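Right, one structure below, let's go through it.
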Amino acid sequence: MKFSSSFKVGLLTLAALVLLVGTVLKVKGRAFSSAKRVEIQFKDVNGLRPGAGVQIMGLKVGQVEEITPVVEGENSFVKVKFVITDPSVQIPRASSFSIQQSGLIGELFLEITPPKTRTIYIPMESRHLLYKNDFVQMKLSDKYYDVGVVKSVDVISKNSVPFSYKNNIKTAYAYKVDYFINLPGLIMPEFIKGSAVTVGNEHKLRLVPLDEMPISYPAQDSEYTIIEPMRLSDFMDWQYKAAETLTETNRKVNEILTDETIADLKKTIASVESLTARSNETLGKVDNLLDSSKSDIEQLLAMTQQATEDFSKLSHNVNNIIGDKHFKTTMLSTADSIDKLARNLNKVMDSADAEETGKNLKIISENLAQISQSVNSMTKDDRLKNQIETAITNVNCAMSEVATALDTVNKVNPSNPNQASDLQQIVSDTVVTTSNLRKFSDKLNKRFLLFRLLF
């Protein structure tokens with residue numbers, strides 16, 4: 001069967017069209033076989049066009065098919081759909097997508113970066129252990145989340161830790177931890193520190209930014225991390241703002257550092273230098289004075305040490321005198337004499353000098369009480385103790401004489417003129433005796449008070 005020329009031309013044209021369509025689809029990344037297509041969202045594609053290449057770690061694995069803007073006010077975005085033409089390529093979860101440029105003026109392409117393995121050094125503590133496949137934890141929006149997984153853990157000496165981590169490690173050994181982040185949308189800070197923690201029954205690696213600035217939980221629905229491109233115009237705007245801020249700072253500095261201010265600063269510096277020189281001279285004199293007075297200072301310290309030892313002996317003697325039985329007996333005898341004296345005094349309250357005698361006896365009793373208190377806080381030196389006992393014995397004797405006189409007064413009959421005269425003389429003598437006893441007890445009490453103040 002013969003075909004006409006028209007049929008041959010039509011068949012050839014159809015074959016050419018099929019070949020052309022297949023070539024175009026192949027160039028654009030649309031394979032006849034089912035290829036994996038992915039859709040992501042950018043806030044700005046910065047001039048990326050359909051047909052642009054898709055690379056993963058520098059290797060081209062697909063092409064951009066469609067770029068569709070979605071305008072929704074403040075929530076506007078751009079949908080980017082691309083196809084992976086290599087069926088062996090799998091995009092890991094939390095991979096980063098960014099728009100890159102080949103060279104300074106080259107074409108734009110979509111770059112895919114799988115999660116990177118990071119390394120951190122943390123203290124090794126016995127109560128917090130860490131193992132492979134433990135979770136990595138971070139605080140996001142005031143709550144702790146699992147954001148990654150530990151790949152390996154090695155124990156090393158502190159001396160093997162890099163210098164930038166040594167300040168955070170106080171233990172003899174440290175963990176060298178390799179981990180990766182698998183939370184989509186989380187962009188890790190450049191500088192972080194870590195520690196091993198135990199949450200319940202699980203061991204975790206807890207990461208914290210070095211500046212401890214709060215981090216928000218990523219608000220996105222995609223399983224990938226989208227890194228927005230930076231436009232050259234935005235970069236220039238930031239540079240302009242930085243330059244403007246620097247200019248304003250320089251202007252304020254120039255306003256502050258006027259000629260007068262600079263002159264004052266120079267004077268201040270000169271004064272400080274002069275003061276420093278004088279201070280050095282003074283310190284030199286002080287050093288010389290200390291060197292020359294070294295022997296006097298040592299002697300003063302020795303005297304102070306001796307005074308401390310004497311005071312210790314005094315305290316020891318005071319503790320011993322408190323428990324002396326003979327001294328206690330003497331004090332009880334004195335108290336008994338005072339008691340008898342008070343009973344006899346009640347019978348002569350009608351006498352003209354009885355009130356003054358009572359006052360003197362009261363003061364004598366108070367002085368004896370204070371002397372007793374002073375003795376209890378003083379030394380147990382034998383010589384001093386004998387003197388004290390002698391003085392108190394004399395007072396007891398005098399008090400006994402007063403009691404005897406008062407007892408005599410009780411036996412006198414006031415109706416007898418001779419006895420009345422004797423009564424008046426006895427009362428008068430009693431007043432004189434009590435007055436003298438008061439003076440003696442005052443002097444004795446003052447001496448004991450002075451002794452207490454000195455020690």
Side-chain angles (χ1 to χ4, degrees), residues 43 56-58 91-98 100 111-230 234-235 238-239 241-242 245:
K43 293 292 184 181
I56 181 168
M57 296 183 292
I91 305 176
R93 175 182 169 84
S95 295
S96 299
F97 284 78
S98 60
Q100 303 293 334
E111 176 72 22
I112 304 174
T113 305
K116 295 181 179 180
T117 300
R118 301 167 179 263
T119 302
I120 192 171
Y121 299 85
I122 63 174
M124 180 183 177
E125 299 179 353
S126 58
R127 66 178 185 276
H128 296 304
L129 304 178
L130 201 62
Y131 304 96
K132 181 181 178 180
N133 296 327
D134 286 340
F135 290 108
V136 179
Q137 188 182 70
M138 285 193 71
K139 190 175 185 180
L140 306 174
S141 300
D142 297 329
K143 186 178 179 181
Y144 286 101
Y145 292 90
D146 294 335
V147 299
V149 178
V150 174
K151 291 188 64 177
S152 64
V153 180
D154 295 323
V155 178
I156 62 174
S157 172
K158 181 180 178 180
N159 297 329
S160 302
V161 175
F163 179 78
S164 57
Y165 288 95
K166 283 188 176 181
N167 292 333
N168 297 326
I169 297 177
K170 307 300 182 183
T171 56
Y173 293 90
Y175 283 129
K176 178 186 176 184
V177 185
D178 294 333
Y179 67 96
F180 66 92
I181 301 298
N182 58 11
L183 178 63
L186 178 61
I187 300 177
M188 294 293 293
E190 185 67 23
F191 302 101
I192 58 175
K193 58 183 178 180
S195 61
V197 297
T198 303
V199 181
N201 295 326
E202 296 182 349
H203 304 284
K204 296 186 178 183
L205 171 63
R206 179 171 292 177
L207 301 179
V208 180
L210 200 59
D211 55 4
E212 297 185 357
M213 292 294 293
I215 301 177
S216 300
Y217 190 87
Q220 67 175 42
D221 299 329
S222 175
E223 60 178 338
Y224 306 113
T225 300
I226 308 300
I227 300 177
E228 298 291 338
M230 180 184 295
D234 294 337
F235 177 76
W238 291 342
Q239 293 295 323
K241 291 180 180 179
T245 304

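Computed from a prediction, not measured in an experiment: that's the story for all the values here.
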Test the R118-F180 pair against the cation-pi criterion, namely NZ or CZ under 6.0 angstrom from the six-membered ring centroid and within 45° of the ring axis.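 Checked: cation-pi criterion not met.
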
Does [atom1] belonging to [X] count more than 12 external heavy atoms closer than 6.0 Å?
X    : atom1 : answer
K158 : NZ    : yes
K132 : NZ    : no
D142 : CG    : no

Judged by atom type as modelled, is there a donor-acceptor pair below 3.5 Å linking the side chain of [X] to the main-chain atoms of [Y]?
X    : Y    : answer
T225 : S96  : no
K116 : T113 : no
T245 : K241 : yes

Answer yes or no: is there a side-chain heavy-atom contact under 4.5 Å between [X] and [Y]?
X    : Y    : value
Y165 : I120 : yes
K204 : V199 : yes
D146 : N182 : no
I192 : V208 : no
P184 : P218 : no
V150 : N133 : no
Y121 : I169 : yes
I215 : M138 : yes

Specify the closest pair of heavy atoms between [X] and [Y], including all atoms of both residues, with the distance to one decimal.
X    : Y    : answer
I181 : A94  : O-CB, 4.1 Å
S216 : S141 : CA-OG, 3.5 Å
I91  : Y224 : CG2-CE2, 3.4 Å
F97  : I112 : CE2-CG1, 3.4 Å
M213 : P209 : O-CG, 3.7 Å

Charged N to carboxylate O below 4.0 Å: is that the case for K193 and E212?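 Yes, this pair counts.
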
Pair Y145 and Y217, ring centroids less than 6.0 Å apart: yes

Side chains of T117 and K151: is there a donor and an acceptor less than 3.5 Å apart?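 Result is yes, a qualifying pair exists.
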
For Y175 and V155, run side chain to side chain contact (heavy atoms under 4.5 Å, CB included): C-alpha distance rounded to whole Å, both residues' side-chain angles, the deciding distance at 0.1 Å, then the answer. CA-CA 5 Å; Y175 283 129; V155 178; 3.9 Å; yes

Pair V153-D178, side chain to side chain contact (heavy atoms under 4.5 Å, CB included): steps then yes or no: CA-CA 7 Å; V153 180; D178 294 333; over 6 Å; no

Does the side chain to side chain contact (heavy atoms under 4.5 Å, CB included) test come out yes or no for Q137 and L205, once each step is laid out? CA-CA 6 Å; Q137 188 182 70; L205 171 63; over 6 Å; no

